[in-house]
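For reference, the structure discussed in these notes is given below.
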Amino acid sequence: MLSHLTPVCPPQLLKQAQALPAMTTAVVNAGSELALESAKLAFEAGIIVPVLVGDETAIHAAAKAIDWSISSFKLIASNGEGDAAEKAVQCIHQGTAQLLMKGNVHTDVLIRALLNKQHGLRTGERLSHLFHMSVPGNSRVLCITDAVVNVLPDTKTQLSILRGATDVMHALGNTKPKIALLSATEVVTQAMPSSSNAKELLGAMLDQDHLAAEVFGPLAFDGAVSPEAARLKGIDSPVAGYADVLLVPNIETGNAIFKQMVYFNGATAAGVLMGARVPVMLTSRADPPAARLASAALAVIYAHYLSQKS
């Protein structure tokens, strides 16, 4: 049942990033082979110029292990992953870097540095995460949010996630993305809290500035992604069957969908953290090279969009 397809970085995503100027990127705690391999992939693709933050001895050892000359890159010494996260954030404030790449650092440590009230990168939005999912040989892209950061987001948090996801889609060139508010039913019922939450979110959107997106819910997964299922169910919405983004009700739902696509469909999951002053590329030890390169491409595209929007 597990897919034997080899994940690939979506060509269009990489092409879009390569058409933009390479962005100076602080690699947080870069002293591991995996962290440097991720930076090397993105550098050789022409989309980032790394600033390596971490233990200098470990960085040089890892660079030697992967046979990569780093003599032309700026190195910033730090002591431990917490210090590396803080110094990488300082790079953004100082203009030394334009975005961040998660290296050998725990996600919660990095998030604490981002949310530091005095020295962090707060914007007033909630931090959230988006996966850009693509399957080899299939041109369709499906985004999932939030499968990483927010466990059980309330309406205020979902509004922030919605704004971030809309911005990412606009950055990718989708000027009016179709966003499905996921549940297990299309009927609002108190027995299914996610359906009631979707209705509440749609109501809260009426008090917001105009959002350049089509948003509809609640929708079950089949009604969100299958035109035939949507037709059979009689769902009257342009989002039904054609969702670009699934806004999931909780982290378990998003985590299950994205991992099912990776392991059963051979999908490439490009991940980016939203809501900070700059995007953050989030990768894990289990991510294949294609996913790490795709995450870098997505973050670069998103960062350029935010810089033009501000």
Next on the checklist: Can a donor-acceptor pair be found, under 3.5 Å and without considering hydrogens, that links the side chain of N250 to the backbone of L152?
Outcome noted: no

Checklist entry - H170 vs Y305 aromatic rings, parallel, tilted or perpendicular, using cut-offs 30° and 60°? => result perpendicular

Next on the checklist: On a heavy-atom basis, which atom in V215 and which in L202 lie closest, and how many Å separate them?
Outcome noted: O-CD2, 3.8 Å

Next on the checklist: As an exercise, state the distance from CD1 of I59 to CZ of F73, rounded to the nearest 0.5 Å.
Outcome noted: 12.0 Å

Next on the checklist: Are L2 and M261 linked, directly or through intermediate hydrophobic residues, by side-chain heavy-atom contacts shorter than 4.5 Å (ILVMFWY only)?
Outcome noted: yes

Checklist entry - Do E86 and H119 have side-chain atoms, one donor and one acceptor, less than 3.5 Å apart? => result no

Checklist entry - Is there a path of hydrophobic side-chain contacts, each under 4.5 Å between heavy atoms of I, L, V, M, F, W or Y residues, that connects L219 with Y242? => result no

Checklist entry - Do you know the tightest heavy-atom contact between A198 and G217? => result CB-C, 4.1 Å

Item to check | Test item: side-chain donor near acceptor, R126 and T157, under 3.5 Å | outcome: yes

Next on the checklist: Just so I know, are the side chains of T145 and M274 near enough to count as touching, which here means a heavy-atom distance under 4.5 Å?
Outcome noted: yes

Checklist outcome for this item: Taking every heavy atom of G275 against every heavy atom of T123, the minimum-distance pair comes out as O-OG1, 2.7 Å

Item to check | Distance in Å, I301 CD1 paired with L306 CG, rounded so as to fall on 0.5 Å steps | outcome: 12.0 Å

Item to check | CA sep, side-chain torsions, deciding dist, call: E228, R231, salt bridge (Lys or Arg N to Asp or Glu O under 4.0 Å) | outcome: CA-CA 5 Å; E228 180 64 10; R231 184 186 66 80; 2.7 Å; yes

Next on the checklist: Tell me whether the count of non-hydrogen atoms from other residues, nucleotides or ligands lying under 6.0 Å of CD in Q94 goes above 12.
Outcome noted: yes

Checklist entry - Do the side chains of H304 and P21 get nearer than 4.5 Å, heavy atoms only? => result yes

Checklist entry - Heavy-atom count around H106 NE2 within 6.0 Å, excluding the residue itself: above 12? => result no

Checklist entry - Should F221 and L246 count as side-chain neighbours, where that means a heavy-atom distance under 4.5 Å? => result yes

Item to check | Close side-chain approach of V28 and V53, heavy atoms under 4.5 Å | outcome: no

Next on the checklist: Does K74 have more than 12 heavy atoms from other residues, nucleotides or ligands lying within 6.0 Å of its NZ?
Outcome noted: no

Item to check | Exceeds 12 heavy-atom contacts within 6.0 angstrom, atom CG of D108 | outcome: yes

Next on the checklist: Could you measure the distance from the CG atom of L298 to the CG atom of L13? Nearest 0.5 Å is fine.
Outcome noted: 6.0 Å

Checklist entry - Within a strict 4.5 Å, meaning less than it, do heavy atoms of the Q90 and I76 side chains meet? => result no

Next on the checklist: Take a 6.0 Å sphere around CZ of F264 and say whether it holds more than 12 heavy atoms from other residues, nucleotides or ligands.
Outcome noted: yes

Next on the checklist: When you group the ILVMFWY residues by side-chain heavy-atom contacts below 4.5 Å and let the links chain together, are V49 and L75 in the same group?
Outcome noted: no

Checklist entry - If you take all heavy atoms of A77 and K87, which pair is closest and at what distance? => result O-NZ, 3.0 Å

Checklist entry - Taking C-beta and beyond as the side chain, do I47 and L20 meet within less than 4.5 Å on heavy atoms? => result no

Next on the checklist: Less than 4.5 Å apart, side chain to side chain, heavy atoms only: is that true for L162 and M205?
Outcome noted: yes

Checklist entry - Do N197 and P249 have side-chain heavy atoms sitting under 4.5 Å apart? => result no

Item to check | Heavy-atom pair with the smallest gap, counting every atom of V300 and M23 | outcome: O-SD, 3.8 Å

